[in-house]
Amino acid sequence: MAVVITVPICLLLVVAGVAVFGRAEALGDAGTTRSEVGLSLRIQALVHQLQRERGLTNGLLGGERGFRSSLTATRKRVDSALRRIRSESAVAEVIQRHLQRLADTRVAADEGSADRTATLTFYTTAVDALNSVDPVAESAAGADLQLRRGLAALRELGTAKESVALERGLLNGVFAKGGFHGSEYQTFAEVRATRVAALARFRQVATPSQLAAVKQAFSTEDAKRATASEDRAEDAADGSALSADASSWWAAMTVLVDDLYAVQQSVGDDARDRADRLSRDAEIGLAAYLAAGIFMAALVAGLAAFASRSLTRPLGALAGTAHDVARRRLPATVARIQQSPPVEGELFASTDAPETTDSGLFAGAVEIAEVAASLRQVEQTALHLAAQQASLRRNTTESLANLGRRNQNLVRRQLGLITRLEHKELDPDALAELFELDHLATRMRRNAESLLVLTGQNPPRPTAAPADGLEVVQSAVAEVEHYRRVVIAEVEPVRVRGHAVADVAHLLAELIENGLTFSPPTEPVEVHGWFDTEDHAYCFAVVDHGIGMSEADRERANARLSGAGEEGLLSAPARFLGHLVVGRLTHRLGEGTQVHLSETPGGGLSALLAIPGRLLTSAEAASTSPPPISPVVSTLLNGFRAGVARAEAQSNQGASS
């Protein structure tokens, strides 16, 4: 039901958002238009003064010296208008480009060295450039028809005024000179045609009051005198002399231009007032839509809170149950299944989870109750699969352990038989073959013991008395295939306690076998042994010069060798079973026993086994004056310590994170 109510309200919110956006956009457009109209009026103020300076300068160049005083005052007004508008970024570039030579043009006009046509063109080009950047010329004025028509009227009136002002300046020079010269008449005709076309377009968009104001401007006595002068100018198209007075023409046309400028300002004020009115309306509309949007948002929030109250409690309970199953009940039950001995007639032990969900808890939320029931089913299925996997792993491990024990017993009997035959045999060749057979059987015994180590059911081989370190190494070498490639470099005297001899020898055999396997058949594998007085331990090093390992592979191998890896007998790749055997034996030898792989100087891999002092006889463990350590051993020991320190740092970092 909450969804049925919320969806239409959300749609209303979307509609309100769109409306608010539209009002905000209208408010922005109105503000922009108002600013543009203000800028346009300031531009037209500068244009108006430039038009006056253009006309007076053209008359002065035509020979009318009486314009000099009026021209000086007009130039001051132009400079003042320039200072007011120069900071506007929209017109700064135009001023820089088209009015940069204004001072030079004025000097040339005062000296009488300027060309009248070129000077008129200079001013006209500047006026046209200013009109082209007038923002009203590009403003769309939003969607308001009245404002668009007002801006269009302002634009067309500006064009008509420029034509009148250009005609005033052109004929001012013509009358002062006494006739048309060159292409001046053609320019005069084009200017009048532009004025007529602009006024025609103005009449199409102007309001009645604006039309009346323009009509009044063209109906004054000065405008009529100007029209009479224009008619005389039209009759002089053939270049005949003109007797019109330049001063009278200038005075009459100046009144007309000023009247048109007044109308232009009035039209601009009307457009700005309309933009202000639209801005206020947009503000009011925006406030209303915002209030409606806030009300709808509050309504949606209230309905959502009301609807969520019926869902929060069962969802929270369901989430708590799911977390309890995932984090506590299921892992604990799976661990109990995997660790407990099998019970006859039972596939797996029952969990402490409730069999049914709380109907009162999920009342009114049928779908949530169904999800809870599905979660319970998932839990039961997971337990069932875990029990099956545990049973399969247990049966497989027991089968392998049983097979390993059988092989171990058979190999022991075989070794006993071979030993008796060796004692009776006198033929050297036959005795050598019996020795090879004995070596093969010894390797078979190690493989059987490795299988029992992996299954976790192999008790250590009984050894009554401690053994010398060299004897332990020789025992390990005797259990590898290519024992002839093993070089026992130097092994400092040490006595290993009896209960640890077999495991240390087995562990060394696995390391030596690994070095022989991954090194060229022509390269020897070296075995070193020395006391580490700093760590109060005895170290064995198995050094090969084979292919080595990458840093990532070496880190994973060290994890297996330390017993910290998560891989087991049934999950680890077959080529890494030797690493797992070493890891199990290291764990069985107890705290302080460490195995670490590092790079061999010059290429290859070195495996170092550190045996704590508690596994050595007291006399040897307390030795305080061991022989000096060789450079090779020193390098291996330093690499071993650095690798162990790095592994401990990574372990601590993982625990802290």
Side-chain angles (χ1 to χ4, degrees), residues 47-48 50-64 67 71 97-99 101-102 105 108-109 112-132 134 137 155-203 214 217-218 222-257 260-261:
V47 167
H48 181 69
L50 280 175
Q51 290 169 343
R52 182 186 293 269
E53 181 177 345
R54 176 182 59 190
L56 291 171
T57 301
N58 202 37
L60 179 65
L61 293 175
E64 188 63 42
F67 289 149
L71 180 58
R97 180 183 301 175
H98 295 280
L99 292 177
R101 296 186 297 105
L102 179 61
T105 301
S113 60
D115 180 73
R116 186 158 53 91
T117 302
T119 303
L120 182 68
T121 301
F122 167 77
Y123 281 102
T124 302
T125 301
V127 170
D128 291 342
L130 288 171
N131 285 331
S132 67
D134 191 338
R155 183 169 59 249
E156 299 302 338
L157 185 58
T159 303
K161 175 177 170 290
E162 164 59 10
S163 299
V164 173
L166 181 57
E167 181 183 352
R168 176 186 62 179
L170 176 64
L171 292 185
N172 197 31
V174 170
F175 290 152
K177 199 69 175 178
F180 288 103
H181 296 277
S183 60
E184 288 180 333
Y185 184 83
Q186 181 179 356
T187 303
F188 165 67
E190 291 175 354
V191 168
R192 291 200 67 185
T194 301
R195 181 185 71 180
V196 172
L199 289 175
R201 292 192 298 269
F202 173 78
R203 294 187 188 95
V214 172
F218 280 97
D222 292 300
K224 291 178 180 179
R225 286 196 300 272
T227 301
S229 298
E230 288 175 350
D231 294 340
R232 288 195 296 272
E234 286 183 359
D235 295 337
D238 54 358
S240 57
L242 284 173
S243 60
D245 181 44
S247 299
S248 300
W249 160 257
W250 174 259
M253 285 296 287
T254 298
V255 171
L256 177 59
V257 171
L260 290 177
Y261 180 59

d(F175 CZ, N58 CG) to nearest 0.5 Å is 12.0 Å
Parallel under 30°, tilted from 30 to 60°, perpendicular over 60°: which one fits the rings of Y185 and F180? perpendicular
In short, G59 meets A176 closest at the heavy-atom pair O-CB, 3.7 Å
Here the gap from S229 atom OG to N172 atom CG, rounded to the nearest 0.5 Å, amounts to 11.0 Å
Check your understanding: Less than 4.0 Å between a side-chain N and a carboxylate O, is that true for E190 and R195?
Key -> no
| request: May I have the step-by-step check of side chain to side chain contact (heavy atoms under 4.5 Å, CB included) for L256 and V164, ending in yes or no? | output: CA-CA 8 Å; L256 177 59; V164 173; 3.8 Å; yes
When rounded to the nearest 0.5 Å, the distance separating OG1 of T57 from CZ of R52 is 12.0 Å
To the nearest 0.5 Å, atom OG1 of T194 lies from atom CD of E167 at 10.5 Å
When every non-hydrogen atom of E184 is compared with those of L170, the smallest separation belongs to O-CD2, 3.7 Å
Review point. Mind checking whether R116 and H181 have side chains closer than 4.5 Å, heavy atoms only?
Key: yes
| query | Cation-pi between R168 and W250: NZ/CZ under 6.0 Å from ring centre and within 45° of the ring axis? | reply | yes
Value for OG1 (T159) from CD (E156), rounded to nearest 0.5 Å, stands at 5.0 Å
Requested in this report: Could you go through the side-chain hydrogen bond (donor to acceptor under 3.5 Å, both in side chains) check for R225 and S248 one step at a time?
Outcome: CA-CA 9 Å; R225 286 196 300 272; S248 300; over 6 Å; no
On a heavy-atom basis, the closest approach of R101 and F122 is NH2-CD1, 3.5 Å
Which of V191, V127, L260, L157 passes side-chain contact (heavy atoms from CB on, under 4.5 Å) with E162? It is V127
Between the side chain of T125 and the main-chain N/O of T121, is any donor-acceptor distance below 3.5 Å? yes
CG (L130) and NE2 (H98) are apart, to the nearest 0.5 Å, by 8.0 Å
